[in-house]
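Computed over heavy atoms, backbone and side chain alike; hydrogens, waters and symmetry mates excluded. None of the values given here were measured: they were computed from a predicted structure. Sequence lines set the chain letters: A, B, ... in the order given, protein chains first and strands last, and positions in each chain run from 1.
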2 protein chains.
Amino acid sequence: MTQEVFSELDLTTLLSLSFSTSINELHDRLRELGFADIRPVHGFMFKCIAPNGATGIELAEYLGITKQAVSKMVDYLEKSGYVIRENHPTDKRGKIIVLTERGWLAVKAKEEILTEIEQRWIEIIGTERLQMLKDDLTTLIYKANEDKSTMRSRPVW
Amino acid sequence: MTQEVFSELDLTTLLSLSFSTSINELHDRLRELGFADIRPVHGFMFKCIAPNGATGIELAEYLGITKQAVSKMVDYLEKSGYVIRENHPTDKRGKIIVLTERGWLAVKAKEEILTEIEQRWIEIIGTERLQMLKDDLTTLIYKANEDKSTMRSRPVW
DNA sequence: AAAATATAGTCAACTTGATTGACTACTTTT
DNA sequence: AAAAGTAGTCAATCAAGTTGACTATATTTT
């Protein structure tokens, strides 16, 4: 596989491939560490649950899926031991979903792996270029979404 | 929505969000142009079909899904008028999937929209920075996949 | 050349992750 | 107090993938 293969690719494809590359590596490593039952969406869900817990509705809005879909995902994560549902302190209708100890371990592992990946990318293109890359992507995401009231570009992983 | 919201995001999340942003815009625009029945995967499939057609197996390998799944997708795209199955010229077992006129229109529209998006991004961060971005992403994808025999990072759109 | 094996594609049944709709319990507004 | 709204669950359905079984043709082996 030569670099020329990629050189004519449009930006969207490049973003797609680079995202796939990093997310695949993240989950390969998580699997090695014993977190084989976590799928890409869960990682993003965890970000919303940590550090203070979240309600089903909050998660649904955050992920851009229905509350019913969230409920099923929480069923799965609860069964797998990553989260538990607690009663909401003030609203007797509601539940609040919080991370278990195992959930926190997964979050910590995820962060460490992402740092490792980023570190390796720094070794390839250098600190300055990686910072520019992050800055530019941040700017572009910001510009594309500033007019929208809700953040439509749901991150899927 | 302020830019600070994004500023602490890790690289993987930035890649995810920027990819979502561009793919959403692409399909919003395609919908406006009357191509509402195309989903993100189809775009990538079209890249393999054009310009010379492709067999089901080729598409399956390219997309990283089973040949049965490809067959269903082709059913859908054929019904929607984007492709047709022709008999393979040399192998009587095989079919060759080619773009119809409507299929070509969709591909052309897609390319134009992607160019527009890229152009708008140039207006935001400048030609040099966009070129650097593309170069860096290309390098990173290349480095991450050079050891692997098959390109595991399937682009999903 | 015949037989055995492999390959391209389709059909059918099943799985998974999402959807919509209906419902219960509780909260907020009027 | 009554009406309307909200949080969560249950059930049925849908969509996009999977595995397994099959037919027809190609290729390889003997």
- [ ] Would you mind classifying the nucleic acid contact of T66(A) as base, sugar-phosphate or nothing, using non-hydrogen atoms under 4.0 angstrom?
- [x]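 Touches a base.
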Can you measure [X] atom [atom1] to [N] atom [atom2] for me and round it to whole angstrom units?
X	N	atom1	atom2	result
K95(B)	dC11(C)	NZ	P	9 Å
L59(A)	dA7(D)	CG	P	13 Å
F44(B)	dG17(D)	CZ	P	14 Å
R85(A)	dA7(D)	CZ	C1'	12 Å
I57(A)	dG5(D)	CD1	C1'	12 Å
L77(A)	dG17(C)	CG	C1'	13 Å
H42(A)	dA18(C)	NE2	P	8 Å
H88(A)	dA25(C)	NE2	P	20 Å

[N], OP1 or OP2 - any side-chain N/O from [X] closer than 4.0 Å?
X	N	value
K67(B)	dT7(C)	no
T55(B)	dA8(C)	no
R39(B)	dA16(D)	yes
R93(A)	dT9(D)	no

- [ ] Tell me which of M73(B) and T90(B) sits closer to the 5' end of DNA chain D, going by the nucleotide each one is nearest to.
- [x]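 It is M73(B), whose closest nucleotide lies nearer the 5' terminus.
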Task: Short side-chain donor-acceptor distance under 3.5 Å, Y82(B) and D37(B) - done: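 Their side chains do contain a donor-acceptor pair, which is all the 3.5 Å distance test asks for.
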Open item on the list: Is it the case that the base of dG21(C) and the side chain of Q68(A) share a donor-acceptor contact (distance under 3.5 Å, atom types as modelled)?
Closed with: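 Side chain to base: pair present.
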Output the single nucleotide from [options] whose closest atom is nearest the side chain of [X].
X	options	value
I65(A)	dA18(C), dG8(D), dT25(D)	dA18(C)
K72(B)	dT18(D), dT19(C), dC26(C)	dT18(D)
D91(B)	dA12(C), dT27(C), dA26(D)	dA26(D)

Open item on the list: Show the nearest heavy-atom pair for residues A109(A) and L30(A), with the distance to one decimal.
Closed with: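 Minimum heavy-atom contact is CB-CD2, 4.0 Å.
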Open item on the list: So, using side chain to side chain contact (heavy atoms under 4.5 Å, CB included) as the criterion, who are the partners of E78(B) when residues are at least two apart?
Closed with: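 V83(B), I84(B), R85(B).
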Open item on the list: Less than 4.0 angstrom from a charged side-chain N to a carboxylate O is my criterion; do E32(A) and R29(A) meet it?
Closed with: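 Looking at E32(A) and R29(A), the cut-off is met.
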Task: Backbone N/O of T12(A) and side chain of S22(B): donor-acceptor pair under 3.5 Å - done: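 The answer is no, because no donor-acceptor pair under 3.5 Å joins these two groups.
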